[in-house]
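To keep things clear, I will list the structure first and then write my remarks on it.
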Amino acid sequence: DSGVTQTPKHLITATGQRVTLRCSPRSGDLSVYWYQQSLDQGLQFLIQYYNGEERAKGNILERFSAQQFPDLHSELNLSSLELGDSALYFCASSVDVQGAVKNIQYFGAGTRLSVL
Amino acid sequence: AQTVTQSQPEMSVQEAETVTLSCTYDTSESDYYLFWYKQPPSRQMILVIRQEAYKQQNATENRFSVNFQKAAKSFSLKISDSQLGDAAMYFCAYSGNNDMRFGAGTRLTVKP
């Protein structure tokens, strides 16, 4: 158990809908990262939050947004969903010094999103 | 932009033998970290080993070791005494100042 909790584990929805994925980082970790992994592919970095502030942005679509709350949990919002958004979405957390993306990231079990 | 390349989509090893997975990366940063993550069929991402770029000594974790060649920007993973439980996708990852990038992965099969 990595200590990172993601809910829900599975999500099935229809095109055009909006969903919210939730992540609780490990106790003490200030940074949260979101990744997308499509079938049989590597991980694509979406976005990083450090202590409530956006710190780094990767290949995140404009239809996607995220935030980190004062209790450090994070939510990834996906809207106007398309078939191609079906993927495994991972959250990871790390203790990061000053928000630098260099420390070990511990991954949650992922949320499997199926868009029908 | 930093890129990570894993040139071996699939590898196979006999149980108890040794296998080496390749990874190269491209960066202009001088301070960064490199990682190998394992993803078994459960899809959980599990950290295998980490290497800090400023350290010349290669990292080792039990049966797992790396060959870090900073000038060549190469970071290979050696698995010794392979076990059936080592079968998984292995991802090489680069972590710098701005983001973390993963290679496309190498699927390792372990034959009994």
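Since this is a predicted model, take the numbers as computed values, not measurements. We name chains A, B, ... by the order of the sequence lines, and we start the count at 1 in each one.
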Residues of residues 107-116 of chain A under 4.5 Å from chain B (heavy atom pairs)? A:F107, A:G108, A:A109, A:R112

Taking only heavy atoms into account, what residues of residues 63-73 of chain A are found under 4.5 Å from chain B? none

Can [Y] be reached from [X] by stepping across I, L, V, M, F, W or Y side chains whose heavy atoms are under 4.5 Å apart?
{"X": "A:V32", "Y": "A:L78", "answer": "yes"}
{"X": "A:F90", "Y": "B:F35", "answer": "yes"}
{"X": "B:M11", "Y": "B:F75", "answer": "yes"}
{"X": "A:V4", "Y": "A:L46", "answer": "no"}
{"X": "B:V66", "Y": "B:L34", "answer": "yes"}

Over 12 foreign heavy atoms within 6.0 Å of [atom1], [X]:
{"X": "B:R107", "atom1": "CZ", "answer": "no"}
{"X": "B:K70", "atom1": "NZ", "answer": "yes"}
{"X": "B:I46", "atom1": "CD1", "answer": "yes"}

A:F45 and B:F102 aromatic centres sub-6.0 Å: no

Taking the side chain as every heavy atom from C-beta outward, state whether B:M45 and A:L43 have any atom pair closer than 4.5 Å. yes

Measure the [atom1]-[atom2] distance between [X] and [Y] for me, rounded to the nearest 0.5 Å.
{"X": "B:F91", "Y": "A:Q37", "atom1": "CZ", "atom2": "CD", "result": "5.0 Å"}
{"X": "B:R101", "Y": "A:Q44", "atom1": "CZ", "atom2": "CD", "result": "8.0 Å"}
{"X": "A:S2", "Y": "B:L47", "atom1": "OG", "atom2": "CG", "result": "11.5 Å"}

What's the verdict on side-chain contact (heavy atoms from CB on, under 4.5 Å) for B:Y37 and A:Q105, showing C-alpha distance, side-chain angles and the deciding distance? CA-CA 10 Å; B:Y37 280 88; A:Q105 295 184 20; 3.6 Å; yes

Segment of B:Q39 engaging chain A (4.5 angstrom heavy-atom cut-off): side chain

